[in-house]
Structures are given as C-alpha cells and as structure tokens.
Amino acid sequence: MHAIEIRETGGPEVQLYVEKPDPGQPGEGQLLVELVAAGVNFIDLYRREGRYPLPVPCVPGEEGSGVVLAVGPGVTRFAPGDRVAWTTVFGSYAERVLVPEDKAIVVPDAIDLRTAGGVLVHGMTAHFLAHDSYPARAGETVLVHAAAGGVGLLLTQMLKRRGVRVIGTVSTEGKERTARANGCDEVVRYTETDDLAAEVRALTGGEGVHAVYDGVGAATFDASLASLRPRGTLVLFGGASGAVPPVDVMRLLWGGSLTLTRPYLEHFRATVEEFETRAGEVFRGIADGTLTFTVAGTYPLAEAHRAHTDLASRATSGKLLLVP
C-alpha cells in the first residue's frame, strides 16, 4: 500500500509518499479499513513540526473514514463492509489503516464518507467547546477567533442555534463574507486593526465578551484576555499561529477573576458512549441541514505536503482532506 511517512520532524517536505507493507490481519479489538478520506488537522502540523511528541519514523494523520475490510478477535460493534469514521488514530495518512474498535463509529447512510472523514475532529471539537468548555447561554456575547476556519464555522453555527451573539475574527474580506453567512453577528478583520480588544469592547458597549474561543494561540492570546469582561472565560483550544508562552496566572486576577482553560478533544470523547453521543449529534446536524460542513480542498494522498502548506497559511475556509 501507499502511505505518508515521516522520518524526521520539520517542514511539510518531510512527509514522504512511500510504499509500505500492508497492515495484514487486524489484531485483538482492531478493524482493518480501506481509506476513503483522511482529515488534515492542525495537530498533524504540530506533530510534524515536533511541537507534540512524534515517534519517528511513522505514518502521521489521526482522522479518517473508509470501509471495513476485516475485523479482529473480540470486535463486536463492526463487521466487514461497514462504513466507518474515526479520530485520534495515529497512522491515518495511509491507504489502509488499523483502527481500534473504540475509536471508530458507524457512518449513517445519510452522510457521505468524504464528509465523515473530515467532520469529526472539527465537529466534535466545536461541540465540546460550545457545550462543555464554555456552554454559552442565550443572550451572551462571545468571541470566536478564525471564525471562517474549520472549527470556527461549525462552532458559530452551534452557538447561534442557542441564541448566542457571536463576534468573529477573520483575515480577509472573503472570509468575512463566509463568517457572516454562517451566523456571525459582527466580524473584525484582525489584519486591519491595531487593537483587536478595543474593537471587541466597542462592539460590547465597553463591557467585553463572556467568553473567547481561541484556536489561534500566540498571535491572539493577549487580545483574547483583554477582550473578556470580569469573570469571563478564555478557552484556548489550539495554536495555529504558534504556542502561547508560559502565563503568569496573576494576569487572570488583574483581568477580573478570569478563567483560562486548555481543552483537548481526546478528553471529551473519553468513553465509547460519549464518543457516540457527541459524534452522533454532529452527524445528525449535517444530515438534517442544521449544520453546514465545508470541504475547502481535497488533495491526493501523495500531496500531503501541499495540504499542510495550505493549512498553515490560514488562507483556507473549511476542512482539507487527503484521498488515496
């Protein structure tokens, strides 16, 4: 089979398109899946760069979808021929993937497999941000950074369904149109302001927002804290612009008894039941049209380096996929 292999950490070019042995028969509790689509996520970039642990050499990628070819001993929830999707399964940039049973979910007939291969990480992340990390209530105002990105688009839709006022940040006029079309009430182009927090406060009568959902990281962190009202919450869920340096916790006191949290998807799908509930709500939203999922680009598996370059540029709106 063909797969992407990383032999050393570094830039997009360290991803090599190689032939590797077929995984063979699945082991205890495993599924052998023929890949249809692999999702490209910022965590893939963080691992490739060495920011997150990466055991080299390895096959990267953690999200995908496909058709079950075989099941290993002890598997009870799946059978050959099932359409499945998964998250947090290392080695997903490959034509065939060994998937632990507890990391997989059956894809409903109403969802095509390419959509399923890219929606779970962004969709479940948006879900736990809106429902667990800071469950914003009707009438509250929040700030969503990168509102035209993969998570931002879904998060905005989920918040708007609950009557939350959403201020989004974007970089371009085109992304502003996308953010507004997906529900943002107000949009700030951070590339055109010298004081993002002042812009946000002006939109809230000087009070600040109840919460900030920040997946950008280093470039927005200070403005995120400064945009909060007293007792507000900063949900830092990513670092697209780089990692946030160590923080003096006294800043939370001086900002008005603020709360700072750094959640991670794996901790919000810790059991099979939680995974199925959270993923199921995302799938139902896609199927009934209450959630719109955008695929911004589809790349051949051999061009994983190009997909990483495009994602890092933050010029895309929506999800990037790799296909065999």
Inset, instruction - Kindly indicate, with the supporting measurements, whether the criterion side-chain contact (heavy atoms from CB on, under 4.5 Å) is fulfilled by Asp44 and Leu311. - result: CA-CA 10 Å; Asp44 302 341; Leu311 183 60; over 6 Å; no

Does [X] reach the side chain of [Y], with side-chain heavy atoms less than 4.5 Å apart?
X: Arg7; Y: Val18; value: yes
X: Arg201; Y: Ser227; value: no
X: Thr259; Y: Leu234; value: no
X: Phe90; Y: Leu54; value: yes
X: Phe221; Y: Leu260; value: yes
X: Val170; Y: Arg189; value: yes
X: Lys319; Y: Val119; value: no
X: Tyr190; Y: Thr220; value: no

Any side-chain to backbone donor/acceptor pair from [X] onto [Y]? Under 3.5 Å, distance only.
X: Asp82; Y: Val84; result: no
X: Thr191; Y: Ser171; result: yes
X: Glu199; Y: Asp195; result: no
X: Glu140; Y: His210; result: no
X: Ser241; Y: Val216; result: yes
X: Asn41; Y: Ile43; result: no
X: Glu303; Y: Tyr299; result: no

Inset, instruction - Check the side chains of Asn182 and Thr156 for a donor-acceptor pair under 3.5 angstrom, ignoring hydrogens and angles. - result: no

With sequence neighbours left out, what residues match [X] under side-chain contact (heavy atoms from CB on, under 4.5 Å)?
X: Ala296; answer: Thr316, Leu320
X: Arg262; answer: Tyr52, Leu236
X: Val295; answer: Phe293, Thr298, Leu321
X: Arg231; answer: Ser257

From [atom1] ([X]) to [atom2] ([Y]), nearest 0.5 Å:
X: Arg162; Y: Arg137; atom1: CZ; atom2: CZ; answer: 9.5 Å
X: Arg251; Y: Leu253; atom1: CZ; atom2: CG; answer: 12.5 Å
X: Cys184; Y: Lys175; atom1: SG; atom2: NZ; answer: 12.5 Å
X: Arg51; Y: Thr9; atom1: CZ; atom2: OG1; answer: 12.0 Å
X: Gln15; Y: Glu5; atom1: CD; atom2: CD; answer: 11.5 Å
X: Asp22; Y: Lys20; atom1: CG; atom2: NZ; answer: 12.0 Å

Legend entry - Pairing of Lys103 and Glu266 as salt bridge, 4.0 angstrom limit: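 Counted as a salt bridge, because a side-chain N and a carboxylate O are separated by less than 4.0 Å.
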
Inset, instruction - Using a strict 4.0 Å threshold on nitrogen-to-oxygen distance, state whether Arg77 and Asp102 make a salt bridge. - result: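 Not counted as a salt bridge, because no side-chain N and carboxylate O are separated by less than 4.0 Å.
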
Legend entry - Test side-chain contact (heavy atoms from CB on, under 4.5 Å) applied to Val166 and Asp185, Val187, Leu155, the passing residue: Asp185

Legend entry - Pairs involving residues 108-141, ordered by first then second residue, that meet ring-ring contact (aromatic ring centres under 6.0 Å, His included) (sequence neighbours left out):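 Non-adjacent pairs meeting ring-ring contact (aromatic ring centres under 6.0 Å, His included): His127-His131, Phe128-Phe268.
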
Inset, instruction - Check the hydrophobic clustering (I, L, V, M, F, W, Y; side-chain heavy atoms under 4.5 Å; chains of links allowed) and say if Ile286 and Met124 are grouped together. - result: yes

Legend entry - Hphob cluster co-occupancy, Val67 + Leu120, side-chain heavy atoms under 4.5 angstrom: yes

Contacts under 3.5 angstrom, residues 24-38 side chains, donor-acceptor by atom type, not counting sequence neighbours:
residue : atom : partner : partner atom : Å
Gln30   : OE1  : Gly27   : N            : 2.7
Glu34   : OE1  : Arg96   : NE           : 2.9
Glu34   : OE1  : Arg96   : NH2          : 3.4

Inset, instruction - For the pair His308 and Tyr93, name the ring-plane relationship: parallel under 30°, tilted 30 to 60°, perpendicular over 60°. - result: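 It falls in the perpendicular class, over 60°.
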
